[in-house]
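Here the structure is laid out as structure tokens; the discussion comes afterwards.
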Amino acid sequence: MSESKSEPLFSKKNKALITNPLNKNNPVTIQVLGICSALAVTVQMDNAIVMSVAVTAVLVLGNMIVSLMRNVIPSKIRIIVQLVIVAGLVIIVDQVLKAYVYDVSKKLSVFVGLIITNCIIMGRLEAFALGNKPWASILDGVGNGFGYGLVLIIVSFFKELFGSGALTIPGFEKFEIFKAIGIYDMGYMDNGLMLLPPSSLFIVGIYIWVQKYRNPDLIES
Amino acid sequence: MAVNRDSNVYTIIFATIMVVIVGGLLAFVSMGLKPLQSANISNEKMQNILQAIGIEETDGVSREDAGKMFNEFIKRRITINYNGEIVSDKTSEDAIDPTDKLDAFNINLRKEYSKYVKPIMNKNKGDVAKIEEALGNSSDIHFPIFICEHNGGKYYIVAASGKGLWDDIWGYLCVELKGMKVHGSVFDHKGETPGLGSKITEDWFQDQFVGKTIEENDEYAPIKIKKPGNELNNHQVDGISGATFTGVGVEEMLKRNLNVYYRFFKNHPEFAGNGSNEDTSSNTNGTDVLTNKNDSNISVVSSLPFTGVFAEDFELLLQNYQNLVAGDNKSFIIEGIKFSAGSSNINVKSSTETLNRIVEGLKVMTDVEVELGGHTDNMGEEAALQTLSESRANAVKAYLVENGIEESRIQAVGYGSTVPVADNETQEGRDANKRTEIKIIKNNLTANVN
């Protein structure tokens with residue numbers, strides 16, 4: 001990439017593009033983007049993980065393409081152009097999944113469509129990729145994808161653990177953790193509320209609280 | 001660049017080019033991947049149908065294998081209409097032609113429901129008689145039946161489709177015509193809530209249907225989905241907590257579709273009898289133990305040629321138990337249950353697999369009561385050996401009960417050293433005499449025959 005010749009690929013600034021979204025500038029907890037899917041796809045960990053990977057992939061590709069085209073996109077219809085790029089990418093991803101990894105595509109089913117509406121993607125395209133070089137945009141996509149995935153995985157961990165007493169991770173058998181360590185024998189019952197969307201809000205809320213407590217800079221005056 | 005990016009002309013030209021490129025790209029990808037996708041979908045359908053049978057050979061079959069195994073197991077494909085008239089009848093010799101819309105395999109369950117059934121139900125909301133009449137008059141509505149032949153048994157796989165909470169749900173059920181019992185089931189959905197309604201695809205939910213019946217006193221009895229935690233009879237299964245509406249959908253779907261099949265099988269007695277028209281005796285063993293009673297349409301096995309190998313015997317038993325008359329047949333030795341020396345503590349590590357196999361078997365053979373017999377060698381006092389054999393049989397029984405077998409179906413009996421099968425003078429003989437046996441002592445399915 002000729003544009004990044006002037007500075008090393010992983011300069012301090014570029015590294016920050018990846019690390020910031022994981023904490024200080026997390027897309028879900030700080031930018032408050034992508035909350036909708038954080039509520040919807042966190043009942044089971046495997047769905048959350050697959051969704052995170054899919055969003056990251058679309059975000060990285062979308063960021064890259066928009067960044068490459070940033071000098072030719074007419075500003076009047078830039079949102080429409082971004083939308084077409086994202087929608088096109090999602091459809092291609094969906095088609096490829098259906099042809100080569102059918103089981104994953106079944107697992108994602110409705111979520112693939114949700115990726116298009118994920119505000120993180122449009123948000124990052126508009127806020128970052130339109131004004132930055134491709135390499136920086138790719139890193140920004142990776143960082144925000146991971147930041148989103150981090151929250152999704154943490155939320156789904158608690159939801160599934162307390163709601164179903166188990167954890168599902170792609171490629172592994174379901175771990176029936178609570179059964180294995182005998183918590184049910186001590187009188188615990190699965191918490192049905194944890195399976196419903198509102199519980200995600202509680203967990204995201206606690207997450208933000210802990211995050212701001214540890215990082216007072218984030219507290220708005 | 002000299003181009004003015006804000007001009008309308010530039011914007012329009014850009015938009016046009018973009019639409020053409022993206023449209024062309026998507027069309028290209030779609031066309032290029034279509035064959036692979038269709039193969040996946042067709043293989044998945046075969047996988048669903050095979051898994052619904054509920055026999056071990058097709059349990060957990062992978063999608064790729066399903067495509068190869070389908071014709072091996074599914075010998076006949078029939079399509080019927082709502083009135084039970086056969087509109088298509090194909091055997092496994094006839095290749096599946098994707099353009100033949102009446103071939104049972106090509107019936108699109110989801111389309112059947114959403115395109116033909118749903119409009120009729122919506123139009124005549126709640127008026128059952130009118131709905132039935134309209135469904136009967138429709139020439140578009142079809143119901144597939146797949147007939148699987150395996151080891152002399154015939155299994156009938158039927159289909160159902162309906163609506164869950166958000167979108168279509170569908171499934172296959174395997175029915176045994178004798179007693180109208182469900183032998184296996186598979187459900188699928190398009191967009192039920194992840195983790196809640198989508199649990200209808202999980203094994204624990206589907207396995208519940210096995211052994212349930214859709215008949216009561218010679219009348220159709222639909223399967224009901226109950227709230228979890230209730231007592232269940234043999235027409236009821238547990239629902240999924242948090243997915244009440246999906247459960248309502250499954251119940252409605254099964255009720256409506258199975259009724260059509262029930263009527264069909266009742267009106268077509270030639271299908272009944274689970275393959276009794278064929279001479280099953282020549283089938284697997286070559287021995288003459290399977291007698292064929294054409295007049296009663298029930299083939300009765302008086303005893304099975306046990307080979308002494310537990311794994312094989314147990315398979316044979318599972319396949320034939322429905323026709324097995326209790327009392328006549330020998331008990332057989334369960335190899336693979338080990339106890340600590342001189343005690344009734346089961347050696348968990350080496351015995352669990354065998355014990356679980358028996359648990360599974362007894363869950364399939366719900367109409368059967370068994371006796372567990374404990375046997376010892378002759379090294380010790382007769383009274384002590386008697387007690388030991390009793391407590392060992394009871395330990396096995398306790399394990400089975402703990403794993404969900406009704407206590408009333410198992411009798412534990414201690415025989416001490418009274419029934420040796422080998423010479424107690426040698427170590428090998430004594431080892432062989434220390435054993436646990438299982439025997440069918442009551443079979444409700446054949447209790448009235450003979």
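Naming convention: chains lettered A, B, ... in sequence-line order (proteins, then strands); numbering from 1 in each chain. In what follows, every heavy atom counts, from backbone to side chain, and hydrogens, waters and symmetry copies are set aside. Note that the structure is a prediction, hence the values are computed from the model and not measured.
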*Contact origin within Ser241(B) toward chain A - heavy atom pairs under 4.5 Å*: neither
_Between Ile41(B) and chain A, with a heavy-atom cut-off of 4.5 Å, which part of the residue counts as in contact: side chain, backbone, both or neither?_
both
*Could you tell me which non-hydrogen atom of Tyr113(B) sits nearest to which non-hydrogen atom of Ser161(B), and how far apart they are?*
CB-OG, 3.4 Å
*Between Ile73(A), Ile80(A), Thr168(A), which shows the greatest number of heavy-atom pairs under 4.5 Å with chain B?*
Ile73(A)
*Which of the residues Leu25(B), Asp6(B), Asp167(B) is involved in the greatest number of heavy-atom pairs with chain A at under 4.5 angstrom?*
Asp6(B)
*May I ask you to say whether Arg78(A) pairs ionically with Glu126(A), meaning some side-chain N is under 4.0 Å from a carboxylate O?*
yes
*In terms of heavy-atom proximity below 4.5 Å to chain A, should Asp188(B) be classed as side chain, backbone, both, or neither?*
side chain
Tell me which donor-acceptor pairs under 3.5 Å the side chains of residues 57-68 of chain A have, and how far apart each pair is, sequence neighbours excluded?
| from | atom 1 | to | atom 2 | distance (Å) |
| --- | --- | --- | --- | --- |
| Asn63(A) | ND2 | Ser137(A) | O | 2.9 |
| Asn63(A) | ND2 | Asp140(A) | OD2 | 3.4 |
| Ser67(A) | OG | Asn132(A) | O | 2.6 |
| Ser67(A) | OG | Lys133(A) | O | 3.4 |
| Ser67(A) | OG | Ser137(A) | OG | 3.3 |

*Based on non-hydrogen pairs under 4.5 Å, which of Val81(A), Val96(A), Asp190(A) is most in contact with chain B?*
Val81(A)
_Distance, nearest 0.5 Å, that separates CG of Leu400(B) from CD1 of Ile405(B)_ = 6.5 Å
*asked:* For Glu360(B), is there an ion pair with Lys363(B) - N to carboxylate O distance below 4.0 angstrom?
replied: no
_Quick check: closest heavy atoms across Ala99(A) and Leu36(B), and the distance to 0.1 Å?_
CB-CB, 3.9 Å
*Counterpart residues, side chain to side chain donor-acceptor pair (under 3.5 Å), relative to Lys111(B) (two or more places apart)*: none
*At a heavy-atom separation under 4.5 Å, does Ile85(A) approach chain B through its side chain, its backbone, both, or neither?*
neither
*Ile157(B) pairs by side-chain contact (heavy atoms from CB on, under 4.5 Å) with which of Leu173(B), Asn48(B), Ile74(B), Leu50(B)?*
Ile74(B)
*What heavy-atom pair brings Phe209(B) and Phe187(B) nearest, and what distance separates the two atoms?*
CE1-CE1, 3.5 Å
*Taking non-hydrogen atoms and a cut-off under 4.5 angstrom, which of residues 12-23 of chain B neighbour chain A?*
Phe14(B), Ala15(B), Met18(B), Val22(B)
*Pairing residues for Glu407(B) by the side chain to side chain contact (heavy atoms under 4.5 Å, CB included) criterion, not counting sequence neighbours*: Lys397(B), Val401(B)
*What pair of heavy atoms forms the shortest contact from Val55(A) to Tyr148(A), and how long is it?*
CG2-CE2, 3.7 Å
_Heavy-atom proximity to chain A below 4.5 Å, by part of Ser7(B)_ = backbone
*Under 4.5 Å heavy-atom distance to chain A, tell me which part of Leu33(B) shows up: side chain, backbone, both or neither.*
both
*Part of Lys76(A) within contact of chain B (heavy atom distance under 4.5 Å)*: side chain
